[in-house]
Amino acid sequence: MLTLALLREKTEDVKKGLAVKNFNQPELVDEIIKLDDDRKALQRDRDEAQMQMNKASKEIGAAFKSGDKAKAEELKAETAKLKEDIKALSEKHDAALEAMNKKLILLPNMPHSSVKPGKSEEDNENIHQEGEIPEFSFKALPHWEITERHDIIDFELGNKITGAGFPVYKGKGAKLQRALISFFLDRATEAGYLEIQPPLVINEDSGYGTGQLPDKDGQMYAIPEDKLFLIPTAEVPVTNIYRNVMLKEDELPKKNTAYSACFRREAGSYGKDVRGLNRLHQFDKVEIVQIVHPEKSYEVLEEMREHVAGLLRELKLPFRILRLCGGDTSFTAALTYDFEVFSAAQKRWLEVSSVSNFESFQANRMKLRFKDKEGNTSLLHTLNGSALALPRILASLLENYQTESGVIIPEVLIPYTRFDEI
RNA sequence: GGAGAAAUGGCAGAGUGGUCGAAUGCGGCGGUCUUGAAAACCGUUGACCUUCACGGGUCCGGGGGUUCGAAUCCCUCUUUCUCCGCCA
């Protein structure tokens with residue numbers, strides 16, 4: 001959620017920024033400011049009435065104490081009108097506040113100045129590419145054939161137990177997955193992140209805090225009976241650790257990492273994109289989250305980007321980094337880098353990580369603030385990134401590292417898998 | 001799942017209808033003293049909204065109610081603790 005101060009001070013800049021994100025209701029900004037003006041006027045009136053009421057109550061109390069019952073009763077009669085006024089003004093005030101908030105949460109985050117306009121993923125900017133794309137002297141198999149040949153991931157079995165998009169990992173497939181999780185968590189720990197095991201189920205307040213609610217609930221699996229949701233990413237429970245929190249400046253930065261299963265309904269997905277491990281309803285991911293001083297967040301974004309790049313380098317997977325255009329940058333993000341690995345048999349780039357700076361957008365919703373040395377409070381900045389999402393890493397590992405007879409395990413993973421080929 | 005008790009400032013813990021945003025202690029910050037530190041002593045120490053400012057308003061787990069007036073009474077939800085039951 002954008003701050004009212006920003007809307008007021010930089011009204012035109014905000015409108016321009018939102019246009020980069022293809023947000024087409026600039027008039028909302030003016031409406032919000034107008035509603036806030038109304039609200040302030042109503043608050044002044046209500047506070048004035050409340051003050052008189054408080055004064056009268058004290059006088060009544062004093063009258064009773066001094067035994068002047070008649071005077072007390074007289075004063076009491078006078079408060080009736082005040083009471084009505086306060087009630088009416090309060091209701092109007094609350095209505096204006098609610099109307100304003102309803103509109104305010106419709107505004108997406110402002111994009112960073114480096115974000116270029118654009119409609120979709122086609123307009124994303126390729127800013128970096130490295131690693132060698134493997135060549136095969138034999139016919140390379142897509143990962144879903146490799147997994148079937150070696151019986152390490154069973155998609156059919158998942159269909160039986162749950163439905164499409166819930167594969168069953170078996171034997172070396174399960175172990176390779178576990179190895180990757182441990183590898184990623186260890187690297188995050190070495191980089192100073194505190195490992196967290198969060199709940200996989202969240203309440204409405206948490207969904208609201210990170211922006212999945214109120215209007216993206218269609219992407220989450222819900223448990224309506226308990227008003228709970230399965231997490232779409234560990235970002236949600238981990239960032240919500242800091243909901244309604246006041247940190248001290250010297251506690252910054254807060255660095256957390258978490259492995260979790262992630263659940264996504266992926267309503268509207270279809271076609272070849274969903275083949276094999278490319279798009280699942282349940283998948284594993286290691287997430288990194290940082291809560292930082294507002295002046296440091298872009299520096300930290302680069303640090304996180306470098307962390308993710310380092311993982312892919314160690315796995316020796318060819319990858320590229322995209323700076324997302326306005327249209328593809330999520331509602332809550334100011335700047336996002338996507339990481340894609342090349343999957344050698346499908347001959348496709350697969351998204352394996354998304355690293356974003358949310359600036360104060362989430363912090364404002366969550367009331368996540370810090371107190372500086374002068375005692376002033378201000379909003380913190382939040383960032384997160386996948387480091388990394390497992391299924392597509394697994395897909396490209398299987399495809400890129402395949403031999404005619406099997407799959408070689410990347411060297412850095414062997415201490416974790418304790419086998420060197422499949 | 002059943003029965004009971006509780007939820008107050010960073011922490012501990014008073015406060016059962018009236019100048020209570022809240023005693024006291026600890027902790028934090030500033031100062032006196034000291035070569036320095038400790039101890040002692042003095043002062044200070046929550047958030048939010050509003051105002052150019054003075055000031056005003058709100059907040060004692062969340063929500064609602066009674067009352068001229070609620071931390072205090074009532075309803076409800078949540079959480080914690082104790083006992084019983086069940087259980088990885």
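On a predicted model such as this, the values are computed, not experimentally measured, just so you know. Per chain, numbering begins at 1; letters A, B, ... match sequence-line order.
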message: For a side-chain contact (heavy atoms from CB on, under 4.5 Å) check, start with the C-alpha distance between Lys367(A) and Arg243(A), then their side-chain angles and the critical distance, and finish with the verdict.
response: CA-CA 6 Å; Lys367(A) 293 199 169 62; Arg243(A) 175 153 44 85; over 6 Å; no
- prompt: With respect to the side chain of Thr377(A), which nucleotide from U19(B), C48(B), U50(B) is positioned closest?
  reply: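 Selected nucleotide: C48(B).
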Euclidean distance, atom [atom1] of residue [X] to atom [atom2] of [N] [Å, nearest integer]:
X	N	atom1	atom2	value
Ile60(A)	G69(B)	CD1	P	8 Å
His93(A)	C48(B)	NE2	P	16 Å
Ile86(A)	A70(B)	CD1	P	11 Å
Lys55(A)	G56(B)	NZ	P	10 Å
Gln43(A)	C48(B)	CD	P	14 Å
Leu89(A)	U58(B)	CG	C1'	15 Å
Met246(A)	G9(B)	CE	P	15 Å
Leu97(A)	U58(B)	CG	C1'	13 Å

Reckon [X] touches a base, only the sugar-phosphate, or nothing at all at heavy-atom distances under 4.0 Å?
X	value
Leu75(A)	nothing
Gln50(A)	sugar-phosphate
Lys40(A)	sugar-phosphate

message: Quick check: any donor-acceptor pair below 3.5 Å linking the side-chain of Asp47(A) to the base of G57(B)?
response: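 It does not, because no donor-acceptor pair links the side chain of Asp47(A) to the base of G57(B) below 3.5 Å.
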Given the [atom1] atoms of [N] and [M], what is the spacing between them in whole Å?
N	M	atom1	value
G63(B)	U8(B)	P	16 Å
U35(B)	C49(B)	P	48 Å
A70(B)	G17(B)	P	14 Å
U44(B)	A37(B)	P	23 Å
U82(B)	G30(B)	P	41 Å
A6(B)	G21(B)	P	25 Å
A14(B)	A23(B)	C1'	6 Å
C59(B)	A71(B)	P	7 Å

task: List the steps, then state whether side-chain contact (heavy atoms from CB on, under 4.5 Å) holds for Leu104(A) with Asp36(A).
output: CA-CA 10 Å; Leu104(A) 194 54; Asp36(A) 192 45; over 6 Å; no
OP1 or OP2 of [N] less than 4.0 angstrom from a side-chain nitrogen or oxygen of [X], does that happen here?
X	N	value
Arg46(A)	U58(B)	no
Lys83(A)	G69(B)	yes
Ser90(A)	G57(B)	no
Arg44(A)	C49(B)	no
Asn54(A)	G56(B)	no

Donor on one side chain, acceptor on other, [X] and [Y], under 3.5 Å:
X	Y	result
Thr210(A)	Gln362(A)	no
Ser396(A)	Ser343(A)	no
Asp284(A)	Gln177(A)	yes
Tyr337(A)	Glu302(A)	yes

- line: By nearest-nucleotide position on RNA chain B, the 5'-leaning member of Ala80(A) and Gly61(A) is Gly61(A)
- prompt: Closer to the 5' end of RNA chain B via nearest nucleotide, is it Gln52(A) or Ser57(A)?
  reply: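 Its nucleotide being nearer the 5' end, the pick is Ser57(A).
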For nucleotides 59-66 of chain B, tabulate all protein N/O to nucleotide N/O atom pairs closer than 3.5 Å, reporting atom names and distance.
none

query: Is the Lys NZ or Arg CZ of Lys254(A) less than 6.0 Å from the centre of Tyr242(A)'s six-membered ring, within 45° of the axis?
result: no
- prompt: Is the Lys NZ or Arg CZ of Arg178(A) less than 6.0 Å from the centre of Tyr416(A)'s six-membered ring, within 45° of the axis?
  reply: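 No, Arg178(A) does not lie over the aromatic ring of Tyr416(A).
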- request: Only one of Thr233(A), Leu280(A), Leu230(A) passes side chain to side chain contact (heavy atoms under 4.5 Å, CB included) with Arg264(A); say which it is.
  value: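 Answer to the side chain to side chain contact (heavy atoms under 4.5 Å, CB included) test with Arg264(A) among Thr233(A), Leu280(A), Leu230(A): Thr233(A).
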pair Tyr401(A)-Leu317(A): side-chain heavy atoms closer than 4.5 Å: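 Yes, their side chains come closer than 4.5 Å.
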message: Counting the benzene-type ring for Trp, do Phe358(A) and His381(A) have ring centres under 6.0 Å apart?
response: no
message: Counting only heavy atoms not in Glu314(A) (residues, nucleotides, ligands), do more than 12 fall under 6.0 Å from its CD?
response: yes
query: If you count the non-hydrogen atoms of other residues, nucleotides and ligands that lie under 6.0 Å from CD in Glu121(A), is the total more than 12?
result: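 At most 12 heavy atoms, drawn from other residues, nucleotides or ligands, come within 6.0 Å of this atom.
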task: Treating a pair as Watson-Crick (purine N1 to pyrimidine N3 plus N6-O4 or O6-N4) or G-U wobble (N1-O2 and O6-N3) with both distances under 3.5 Å, list the stems of 3 or more consecutive pairs that involve RNA chain B.
output: B:1-7 with B:78-84, B:10-12 with B:24-26, B:27-32 with B:40-45, B:46-50 with B:55-59, B:61-65 with B:73-77
Pairs under 3.5 angstrom, nitrogen or oxygen only, protein versus nucleotides 44-46 of chain B, please.
unit_1 : atom_1 : unit_2    : atom_2 : d
G46(B) : O3'    : Lys371(A) : NZ     : 3.4

query: Please walk me through it: do Phe263(A) and His281(A) pass ring-ring contact (aromatic ring centres under 6.0 Å, His included)?
result: CA-CA 5 Å; Phe263(A) 305 89; His281(A) 288 303; over 10 Å; no
